[in-house]
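Here's the structure we're looking at; comments come further down.
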Amino acid sequence: MYKLDQSKTPFFDKIKAYGMSHTTPLDVPGHKLGAIQNEFREFLGSNVFRLDANAPRGLDNLAKRKGVIKEAQALAADAFGADHAYFLINGTSQGIITMIMSACKAKEKIIIPRNVHKSAINGLILSGAMPIFMKPHIDSELGIANGINISELKETIEENPDAKAVFVINPTYFGVTSNLKEIVKLAHEHDMLVLVDEAHGAHFGFSEYLPISAMEAGADMSAFSVHKTVGSLTQSSMLLVKGERVNVNLVQSTLNILQSTSPSSLLMASLDTTRSYMALNGPEKLKELIALAKYARGRINRIKGLQAITKDYVWSHRGYDYDETKIMVKVSDLGITGFDAYNILSSESNIQMELAETHLILAVLSIGTTKEDLDRFIEGLKNLKKHKKDETIKHKIRFTYPETYARPREAYHAPKRFIKFEDALNEVAAENIMVYPPGIPLVIPGEIINQDILDDLDFYREQGSTILSDTEGDYVKVVDKDNWIKYEGDL
Ligand SMILES: Cc1ncc(COP(=O)(O)O)c(C=O)c1O
């Protein structure tokens, strides 16, 4: 099935041999392969430090791959069904920004769903691209945003035939996908690239029981968090490229702009070994995991007042496909919010959920999840009944998005003022304001702050969600329109 020998881990082998070689380290990093004694070193032991070398001879260079990194990346491309694979040491965020910057120049259009991650907005700022937002499907029972509609995409493409790319999320944070094959077909017919945020779908290519992966669907690029669902160290991700439409020289130059010149060898070794393990064992392990998730879903659905979301539910709510390794549980019929359940599970059952929304909580499983973990989860969920209230949880999700006044990059460069949220009505945002998780922007630079946004901010604050913005406290950064001389060039 694979062209290359997937049992090989060339980068890991080489860095391990170096770490054990008793070389005298007169280079950086300063911990000298673990020679400095401190609490951290004591806790971790020496092996982590032995593998944390910078760029010793023979270890290749991530910015200009010729040796073991090139070999390791070729194995990754083979395993993930791509033509080229790039190790990312700054997460999928780095991959998403690279995809947008290599597909769009300033003022060029990109068609993009509104429920994108912050990194996509940062990609718009850095590239200068003009977003053409599409509304995702809204599941009003669960209060979440899902995939996009093919007929709406068709219309958007027809209205914007000059767009350079279509950006797709496969899957959303909640595990729902759109009809990616159809999206790719449509975009390619109109000479547009398909860029896929696969942050939560790195495992897709390894199982026939999961939604289709971006590469299988024929997309041009995909960035995915190997660390999120497959098991490498946090921050380690990959970018994949397939086909002839992408300028791979530009991709490499963009990656080099965005990444450290001291890439972590620990992260790269972790990617190398995780890829090999998944290529050899992924299909079987994922099959077991899906069966385990099904078992848990069945038991959760027997607890009165709780609903574990199934594929049938997703299909009946306009979703195209669903990643069954995620367990979404609707808790609001107990009269408590997902935020309440998240806190109760943590404080009373020592369970850390991935995220909470008004109606639900989300568990992200991986091949590292055990039956014991899920049994504890089920017990924790049963315990929620103690907190049942006689309340109706009100649904809250926005259906409208703010109007655009300027491109994100223009707003980013415009003169700014800091004002209180309560005074921000009708001002032009100069920063992202988002709720985390799931990291979806309420407003992005260049958009007009309307009453819906101010109401949402109040709502999420009351729920105790983390509101992320660049500005401290109750202040927001807005464009100082009175002193703004708009630059008309190609900025
Ligand atoms: C949908 C989505 N895209 C992209 C990212 C960014 O991934 P990373 O954390 O690997 O940079 C995230 C992270 O939460 C995400 O949820």
Side-chain angles (χ1 to χ4, degrees), residues 91-93 95-96 112-123 133-148 167-178 180 195-204 210-211 213-214 222-230 234-235 237 293 308-311 313-314 317-332 337-339 341-342 345 352-366 369 396-398 401 432-442 444 456 460 463 465-468:
T92 296
S93 302
I96 287 176
I112 188 162
R114 178 60 193 205
N115 52 334
V116 280
H117 183 255
K118 178 187 168 94
S119 55
I121 308 300
N122 292 337
F133 282 117
M134 274 191 311
K135 262 190 214 169
H137 289 148
I138 303 294
D139 177 337
S140 38
E141 260 173 66
L142 295 178
I144 58 171
N146 289 331
I148 53 165
F167 188 95
V168 191
I169 310 166
N170 187 57
T172 63
Y173 213 138
F174 305 99
V176 178
T177 65
S178 308
L180 194 52
L195 319 178
V196 185
D197 171 353
E198 233 169 4
H200 296 279
H203 51 308
F204 282 5
L210 291 171
S213 73
S222 153
F224 61 95
S225 303
V226 183
H227 67 94
K228 283 192 198 293
T229 56
V230 178
T234 293
Q235 229 173 289
S237 290
I309 301 308
T310 60
K311 214 178 233 194
Y313 173 96
V314 171
H317 288 72
R318 300 172 70 206
Y320 182 74
D321 204 354
Y322 182 53
D323 172 8
E324 291 184 297
T325 69
K326 296 180 172 54
I327 301 188
M328 237 197 291
V329 183
K330 187 178 182 205
V331 297
S332 53
T337 65
F339 306 105
Y342 179 99
L345 283 164
Q352 179 57 53
M353 299 306 298
E354 173 62 17
L355 72 81
E357 286 284 345
T358 308
H359 290 281
L360 58 88
I361 45 174
L362 175 73
V364 172
L365 316 186
S366 83
T369 304
K396 181 74 182 175
I397 192 158
R398 286 191 309 124
Y401 300 116
N432 281 321
I433 302 173
M434 50 205 317
V435 188
Y436 202 88
I440 290 172
L442 295 182
I444 70 163
D456 282 352
Y460 282 114
Q463 301 294 339
S465 300
T466 310
I467 309 288
L468 283 189

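Keep in mind it's a predicted model, so treat the numbers as computed, not measured.
When side chains are defined from C-beta on, Leu360 counts as touching Ile144, because their heavy atoms get closer than 4.5 Å. Using a 4.5 Å heavy-atom cutoff, the side chains of Phe174 and Leu355 are in contact. At a threshold of 4.5 Å between non-hydrogen side-chain atoms, the residues Asp323 and Thr177 do not count as touching. For the pair His227 and Ser237, the minimum side-chain heavy-atom distance is below 4.5 Å.
Counting only distance, with no hydrogens or angles, the side chain of Ser93 and the backbone of Ser119 share no donor-acceptor pair below 3.5 Å. With hydrogens and angles ignored, the 3.5 Å screen pairs a side-chain donor or acceptor of His137 with a backbone N or O of Arg318. Checking side-chain atoms of Glu198 against main-chain N and O of Ala214 turns up a donor-acceptor pair under 3.5 Å.
Of the inter-residue distances, the one linking Asn146 atom CG with Asp139 atom CG reads 5.5 Å to the nearest 0.5 angstrom. The distance from atom OG of Ser366 to atom NZ of Lys228, rounded to the nearest 0.5 Å, is 13.0 Å. Rounded to the nearest 0.5 Å, atoms CG (Leu442) and CG (Asn432) are 9.5 Å apart. Rounded to the nearest 0.5 Å, atoms CD1 (Ile309) and CD (Glu141) are 8.0 Å apart. The CG atom of Asn115 sits 10.0 Å away from the CZ atom of Phe133 when rounded to the nearest 0.5 Å. Considering CG of Leu142 and CG of Leu362, their distance stands at 11.0 Å, rounded to 0.5 Å.
Taking every heavy atom of both residues into account, Phe204 and Ser213 meet most closely at CB-CB, 3.9 Å. Of all heavy-atom pairs spanning His359 and Ser332, the tightest one is ND1-OG, 2.7 Å. Heavy-atom minimum distance, Val230 versus Ala202: CG2-CB, 3.5 Å. Closest approach of Gly147 to Val176, counting heavy atoms only: N-CG1, 4.4 Å. Closest approach of Ile96 and Ala223 over heavy atoms only: N-CB, 4.0 Å. Tyr322 and Lys311 get closest at one heavy-atom pair: O-CE, 3.5 Å.
Just one of His117, His200, Lys326 meets the side chain to side chain contact (heavy atoms under 4.5 Å, CB included) condition when paired with Tyr173; it is His200.
For the side-chain hydrogen bond (donor to acceptor under 3.5 Å, both in side chains) test, residues two or more places apart in sequence or in another chain that qualify with Ser225 are Thr92.
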